[in-house]
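Notes follow once the structure below has been shown.
Numbers restart at 1 for each chain; the letters A, B, ... are given by sequence-line order, proteins then strands.
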Protein chains: 2
Amino acid sequence: MSEERLERFSRIFKALSNPHRLRIILELAQCTPGSGMFTTTVDQVENCQQEFAKNLGLAPSTISHHFKELRLAGLLRIKRDGKNVLVSVNQEAIESMRNLF
Amino acid sequence: MSEERLERFSRIFKALSNPHRLRIILELAQCTPGSGMFTTTVDQVENCQQEFAKNLGLAPSTISHHFKELRLAGLLRIKRDGKNVLVSVNQEAIESMRNLF
DNA sequence: TTCATCATTCGACATGTTTCGAAGTATAGT
DNA sequence: ACTATACTTCGAAACATGTCGAATGATGAA
């Protein structure tokens, strides 16, 4: 196992090691089957980060921080769409993590 | 997903989030196929923690700490055997983690 | 253009993690 | 009993993380 590969995986695990982030990615994974884009302006999940902030009892800036962590770990793709953001769970990263052991 | 279950998984991910611990568990997983006990006094892996200390360039006390972290996360079972320790990777924990997504 | 809304960045603080060396415990061999 | 070996615990230092509120940026609507 190369040092680089090891670092990449530990970054993924670190991203998932926080209960709030784990909750976030699990919820988003449910909303984005087949790695499709998940729009924040549909159904009950309108205002994506605001909703997470309310549900998790955290400040919006903290949610933004957690989103960034998940993105840097390669687990989340984030795109601006007007005022909101579009997010998609990177299923490849999830798969590679599952296949590690 | 219950709060308790979420905490349990994030503890597993946290244990794997450190490159040194990830390296340790991956090596041990190789040595203990079928969740059998892995004795520290066989083959090239004699003096388990001492070896890891040397190979990873860490102090023995640090390795001991990392072993403990892995044990508390439920990933490793540790038993004393004379001067050494017997360790076994908890395959159930690994499996539950793989099946989370 | 001005305003309201959603998201991000920044600075600060509290808390947690990683690491070491020193001291302690347990055990096997002499 | 003494010594050597393997591991653990403890205290401390350095560093990283989680969180907030305030300030900033970006976008769509009036």
Inset, instruction - Considering just the side-chain nitrogens and oxygens of A/K68, establish if one lies under 4.0 Å of OP1 or OP2 belonging to C/dT9. - result: yes
Inset, instruction - Between A/E69 and B/I63, just flag the one whose closest nucleotide in DNA chain D comes earlier from the 5' side. - result: B/I63
Legend entry - Out of C/dC20, D/dT8, C/dT8, whichever nucleotide has its closest atom nearest the side chain of B/S64: D/dT8
Inset, instruction - Would you name the heavy atoms of A/A59 and A/A53 that are closest together and state the gap between them? - result: C-CB, 4.3 Å
Legend entry - First encountered from the 5' end of DNA chain D, between A/K14 and A/T62: A/K14
Legend entry - Integer-rounded Å distance: C/dT17 P and B/L16 CG: 14 Å
Inset, instruction - Return the value, rounded to whole Å, for the distance between atom CG of A/N84 and atom C1' of D/dG25. - result: 15 Å
Inset, instruction - Assess whether side chain to side chain contact (heavy atoms under 4.5 Å, CB included) is satisfied between B/T62 and B/L56, documenting all intermediate values. - result: CA-CA 10 Å; B/T62 305; B/L56 298 178; over 6 Å; no
Inset, instruction - Considering just the side-chain nitrogens and oxygens of A/Q50, establish if one lies under 4.0 Å of OP1 or OP2 belonging to C/dA7. - result: yes
Legend entry - Nearest-Å distance for atom pair CG/P, residues A/D81 and D/dG25: 22 Å
Legend entry - A/R23 CZ to D/dG18 C1', straight-line distance once rounded to whole Å: 17 Å
Inset, instruction - Please determine, for the side chain of A/K83, which listed nucleotide (C/dT9, C/dC6, D/dC20) has the closest atom? - result: C/dC6
Legend entry - Below 4.0 Å: OP1/OP2 of D/dG18 and any side-chain N or O of A/N18: yes
Inset, instruction - Kindly say whether, by distance alone, the side chain of A/S61 makes a donor-acceptor pair under 3.5 Å with the base of D/dG21? - result: yes
Legend entry - Gap between atoms NZ and P, on A/K79 and D/dT27 respectively (whole Å): 14 Å
Legend entry - Any B/H66 side-chain nitrogen or oxygen under 4.0 Å from OP1 or OP2 of C/dT17: no
Inset, instruction - Using a strict 4.0 Å threshold on nitrogen-to-oxygen distance, state whether B/E3 and A/R23 make a salt bridge. - result: yes
Legend entry - B/R11: partners by side chain to side chain donor-acceptor pair (under 3.5 Å), with sequence neighbours left out: none
Legend entry - Whole-Å gap separating P (C/dA7) and CZ (A/F67): 8 Å
Inset, instruction - Report the distance from atom CG of B/L72 to atom C1' of C/dT17, rounded to the nearest whole Å. - result: 14 Å
Legend entry - d(CZ, A/R80; P, C/dT5) in whole Å: 16 Å
Legend entry - Below 4.0 Å: OP1/OP2 of D/dT8 and any side-chain N or O of B/Q49: yes
Legend entry - N/O donor-acceptor pair under 3.5 Å between A/S17 side chain and A/K14 backbone: yes
Legend entry - A/R21 vs D/dG18: side-chain N/O to OP1/OP2 distance below 4.0 Å: yes
Legend entry - Under 4.0 angstrom between B/H65 side-chain N/O and C/dT17 OP1 or OP2: no
